[in-house]
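One structure below.
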Amino acid sequence: MAVTGWHRPTWVEINRANIRANIENERRHLPEKVDLLAVVKADAYGHGMLEVAHIAKDAGARGFCVAILDEALALREAGFDELVLVMGAVPLEYAKLAAEKQISVTVFDVDWLRQLPELKIPLRIHLKVDTGMGRLGVRSFDAVRDVEDEIAKRQDLVFEGIFTHFATADQLETSYFEKQLGCFKEVVASLKERPAIIHCANSAAALLQNQHDFDAVRFGISMYGLTPSLEIAPVLPFALRPALSFYTEIVQVKELAAGDCVSYGATYERKSQEWVATLPVGYADGFIRAYSGFEVSIDGERMPVIGRVCMDQCIIRLPRYYPTGTKVTLIGEPNTADEAASHLGTINYEVTCLISERVPKKYIL
Ligand SMILES: *Cc1c(COP(=O)(O)O)cnc(C)c1O
């Protein structure tokens with residue numbers, strides 16, 4: 001069991017109203033008949049899976065997408081009876097469990113179906129087509145036909161959906177995207193029987209591309225108010241509202257003299273007198289060592305993390321004296337997840353996913 005630090009002043013704040021607004025804005029943006037599936041994998045990208053699932057359901061999401069069967073089981077356990085699709089591979093031996101819980105599974109290989117023993121209860125299947133992502137999915141018309149034939153042969157399989165995933169939907173240059181889309185449409189047109197839910201869009205495609213030909217979108221990162229990429233941020237159809245902020249409080253303030261050093265390795269040496277503060281957050285909380293040099297903020301004023309980030313603590317340079325207990329924004333306005341991502345050389349998705357279970361989540365609004 002992971003221990004969560006409720007008795008330490010380091011926490012994540014999740015703004016429910018912002019998640020709700022992002023979903024409602026996207027639903028208004030979509031054609032009436034297109035459903036929104038809320039992608040809540042990986043603990044809702046660090047935002048808390050069950051809390052986000054409740055918000056998404058209230059805001060009109062038709063169902064949920066997750067990466068692994070355990071996430072789907074947790075949703076069922078919590079009482080969600082909407083569609084839940086596991087987008088990753090489910091081992092054959094757990095297909096029966098998925099069927100019992102009415103969890104939809106992704107099929108990307110006809111052999112998986114051929115090896116599946118008779119289940120006696122219906123298993124809902126979404127066929128994944130690899131149109132250019134090169135990850136999961138069948139790669140030929142013949143393979144699609146084989147899966148269709150296998151499903152048609154059996155009483156225990158329901159062909160509920162077909163989908164693909166785009167590799168470049170978050171880029172302004174759309175030629176590769178168009179190629180994938182064209183390929184997917186051809187595959188859909190080749191089907192003997194059209195399943196109920198044809199879906200292809202992630203957040204980027206759901207925001208930027210027409211969805212008239214489809215039944216649902218898989219809305220992930222932008223439900224949390226983050227842009228799928230910096231490149232498309234200026235052309236998004238509505239303003240996204242980030243839901244997550246990461247806070248801590250100063251636990252000690254000290255005055256360093258010239259020549260004093262800070263943290264492991266003594267990599268940071270004072271050149272003149274200055275105030276520094278120790279924060280009770282470190283790499284075990286997902287505030288990884290690469291945050292060294294990143295500018296956090298107090299009351300909107302930026303100040304840098306100095307020296308090495310430790311497992312449980314780190315140190316910042318203050319522009320002046322602040323008392324113990326002063327609130328520090330690790331991620332939030334103005335030092336956003338996008339800025340953190342740039343500093344770390346990664347994407348905003350990883351910034352929020354990194355925050356560990358040791359950090360408690362507080363929900364507001
Ligand atoms: C994670 C995931 C999504 C969601 O993508 P976002 O960019 O977060 O909207 C959609 N589809 C698949 C297959 C995924 O793995």
Side-chain angles (χ1 to χ4, degrees), residues 19 22-23 25-27 29-30 34-47 49 52-53 56 59 61-72 75 83-90 103-108 125-138 160-172 177 180-181 184 197-209 211 214-233 235-238 240-244 337-338 341 346-354:
I19 296 178
N22 295 324
I23 294 171
N25 284 332
E26 174 59 19
R27 288 190 64 222
H29 176 66
L30 287 171
V34 180
D35 288 318
L36 186 146
L37 303 177
V39 182
V40 295
K41 62 191 179 187
D43 202 26
Y45 300 31
H47 294 65
M49 183 176 73
V52 169
R62 153 147 190 220
F64 306 101
C65 295
V66 294
I68 67 175
L69 182 59
D70 301 78
E71 293 168 336
L75 286 168
L83 178 142
V84 179
L85 169 64
V86 180
M87 300 183 294
V90 173
I103 290 166
S104 307
V105 301
T106 295
V107 168
F108 49 89
I125 283 169
H126 287 234
L127 172 57
K128 178 80 183 283
V129 186
D130 178 7
T131 57
M133 177 72 181
R135 203 168 65 177
L136 287 184
V138 296
E160 184 180 57
I162 185 167
F163 73 115
T164 193
H165 190 45
F166 295 117
T168 65
D170 63 347
Q171 297 175 13
L172 290 171
F177 168 85
Q180 281 197 266
L181 181 65
F184 184 59
I197 312 173
I198 298 176
H199 52 113
C200 58
N202 53 6
S203 292
L207 288 163
L208 299 182
Q209 306 292 337
Q211 295 300 315
F214 305 107
D215 304 300
V217 299
R218 304 185 303 275
F219 202 51
I221 193 72
S222 297
M223 173 167 61
Y224 308 105
L226 299 175
T227 182
S229 72
L230 294 179
E231 184 175 332
I232 64 168
V235 299
L236 296 178
F238 55 87
L240 297 172
R241 303 190 198 174
L244 179 146
D338 286 327
T346 181
I347 51 175
N348 52 24
Y349 295 70
E350 198 176 20
V351 168
T352 62
C353 282
L354 268 176

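Order of appearance sets the numbers: ligands from 1, and atoms from 1 within every ligand. Along the sequence shown, residues are numbered consecutively beginning with 1.
- The side-chain heavy atoms of Ile197 and Arg62, taken from C-beta on, include a pair separated by under 4.5 Å.
- Pairing each heavy atom of Gly88 with each of Thr106, the nearest pair is O-CB, 4.0 Å.
- Screening Lys128, Arg218, His199 against His165 for a side-chain hydrogen bond (donor to acceptor under 3.5 Å, both in side chains) leaves a single residue, Arg218.
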| Are Thr164 and Met133 close enough, and set up right, to give a side-chain contact (heavy atoms from CB on, under 4.5 Å), and what steps lead you there? | CA-CA 9 Å; Thr164 193; Met133 177 72 181; over 6 Å; no
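- Asn348 contributes a side-chain N or O that, together with a main-chain N or O of Thr227, makes up a donor-acceptor pair within less than 3.5 Å.
- The contact shell of ligand 1, taken as protein residues with any non-hydrogen atom closer than 4.0 angstrom, comprises Val39, Lys41, Tyr45, Met87, Arg135, His165, Asn202, Ser203, Arg218, Gly220, Ile221, Tyr349.
- Among all heavy-atom pairs drawn from Leu136 and Asp130, the shortest one is O-CB, 3.8 Å.
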